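The structure appears below as structure tokens.
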There are 2 protein chains.
Amino acid sequence: MDVKTLCLGVLFFGDATGYEIRKACSEGMISHLYEAGYGSIYPALAQLSGTGLVTCTEMAQDGRPDKKVYSLTEAGRQALIESLREPPAHDRIRSEFMFGLLFSQLLPNAEVGKRIDERIAWYRDGLERMRTCLGHDMAPGAQFVTGYGIAVYEAAANYLETHRDTLIRTLSQSEDTVEEQPAREAVGR
Amino acid sequence: MDVKTLCLGVLFFGDATGYEIRKACSEGMISHLYEAGYGSIYPALAQLSGTGLVTCTEMAQDGRPDKKVYSLTEAGRQALIESLREPPAHDRIRSEFMFGLLFSQLLPNAEVGKRIDERIAWYRDGLERMRTCLGHDMAPGAQFVTGYGIAVYEAAANYLETHRDTLIRTLSQSEDTVEEQPAREAVGR
DNA sequence: AGGGACATGTAATTAGTTACATGATTGT
DNA sequence: ACAATCATGTAACTAATTACATGTCCCT
């Protein structure tokens, strides 16, 4: 699955410009599932337009540059369905935040605390957005996914909040217990 | 942060071969935070070896090809600390599973159910592994991260379990209510 | 006899990020 | 005045995936 399918998916929920698609994929709900920037969206849109999976309507605007509003065609709808039908690839995750915490003993305690606090704030912010968007009538799938996001973010934020201080305390203790050999088997599996 | 830092991080917890590092990053605990395959690990290791951040000890083996066991040098340790010190990039997530569910109305209900069930099983499997590895003495950060993983996976599995049937039911209902206009604003933000 | 685990690597391709390039309008 | 938002696109670069290439041992 690539950015082309991503665009088809966004357009399934309604016509949009490249700018709006990017917004959905880097700030909106979809950004929690699949991120993309201008550099991948605009070329994808051009390709989709070329193969007739979307149509593009140029709209002149007062002052601002012309808008290009894209719409899903029936062929595009079918292509989306076909893409969705094949088994989804395994989730791809890359969390430098979590990876860094793995080595929190190598970081100043204040930095560890700061990162956790920032992350909690980030989750809370995401939760607020999700909660407000829930309720407005949305597709059943979108509702399900939003509910899932809320459940997961809530659990994450709660864990960080309840274990933050314990981690810092443990870190402070082992700090002055001279250096200890880190366990090897702890990470291997 | 790139695969080189990933390797330094894995080696911080103990000497390992490229094969073992890949295992940790594609099946082990770390795979939940940062995935990598042979194609990126072996070249990274070669580069790290060239710049003196790791040392490589070749070990002849009965029958099997020679093992190359890598160890973190003091310079490597410092490089790891330096990398970890800079602010972590935003999490990068790509979940085709979740993206697909967003459009569950376009998929056969049985397929939706199957995917959710598979995902629940996957979470349960991950939970089991995490729980068994917890308890063995590990670095405080690793313990914290594992606990976080457990909390999040548990919430995710529970949500899927408790909402699975509701989704399928809703899907079946709207199916024969003719086609409805999906709401546009539901995804934009 | 066949598959999987152990073990290392390279080369080609693909995909995606980042930076560049432009420019008006609106709000602070 | 300055930053942010709206708006579109390209080019160069980086990074990572995939496929290829090889070979033994052990279990079923």
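Chain A is the first sequence line, chain B the second, and so forth, proteins listed ahead of strands; every chain is numbered from 1. Remember, it's a predicted structure, so these values are computed and weren't measured experimentally.
Summarising the geometry, the separation between CG on L6(A) and P on dA15(C) is reported as 14 Å, rounded to the nearest angstrom. A straight line from CD1 of I93(B) to P of dG16(C) spans 16 Å, rounded to a whole angstrom. The CE-P distance, from M59(A) to dA7(D), rounds to 11 Å in whole Å. Regarding Y42(B), its OH atom lies at a distance of 17 Å from the P atom of dA16(D), rounded to whole Å. Atom NE2 in H90(A) sits roughly 13 Å away from atom P in dT18(D) (whole-Å rounding). R22(B) places its CZ atom 9 Å from the P atom of dC6(C), with the value rounded to the nearest Å. Distance, Q47(A) CD to dT8(D) P: 18 Å, rounded to whole Å. Between the C1' atom of dT17(C) and the OH atom of Y34(A) lies a distance of 14 Å, rounded to the nearest Å.
Between K68(B) and dT8(C) there is no side-chain N or O to OP1 or OP2 distance below 4.0 Å. One finds a side-chain N or O of S40(B) lying less than 4.0 angstrom from the OP1 or OP2 phosphate oxygen of dT17(D). For the OP1/OP2 pair of dT8(D) and a distance below 4.0 Å, the side-chain nitrogens and oxygens of Y19(A) include no atom meeting the criterion. Checking the phosphate oxygens (OP1, OP2) of dG16(C), a side-chain nitrogen or oxygen of R94(B) falls inside 4.0 Å. In terms of phosphate contacts, Y38(B) brings no side-chain nitrogen or oxygen within less than 4.0 Å of OP1 or OP2 of dG9(C).
Here the nucleotide nearest the side chain of K23(A), chosen from dC6(D), dT8(D), dG9(D), is dC6(D). You'll find that the side chain of R92(A) is closest to dT17(D), out of dT8(D), dT17(D), dT8(C). Side chain of K67(B), nearest nucleotide from dA7(C), dG16(C), dC6(D): dA7(C). When distances run from any side-chain atom of V3(B) to the nucleotides dG9(C), dA16(D), dA7(D), the shortest one goes to dA16(D). Closest to the D2(B) side chain, of the nucleotides dC6(D), dA16(D), dG9(C), is dA16(D).
Defined by atom type and a distance below 3.5 Å, a donor-acceptor pair is present between the side-chain atoms of E74(B) and Q78(B).
Between Q105(A) and P140(B), the closest heavy-atom pair is NE2-CD, 4.3 Å.
Among the atoms of the strands shown, base atoms are found under 4.0 Å from some heavy atom of G39(A).
S26(B) contributes no side-chain N or O that, together with a main-chain N or O of A36(B), makes up a donor-acceptor pair within less than 3.5 Å.
Contact check on R131(B) versus E154(B) returns a salt bridge, with a Lys/Arg side-chain nitrogen under 4.0 Å from an Asp/Glu carboxylate oxygen. Between E111(B) and R115(B) there is a salt bridge, since at least one side-chain N of the basic residue sits less than 4.0 Å from a carboxylate O of the acidic one.
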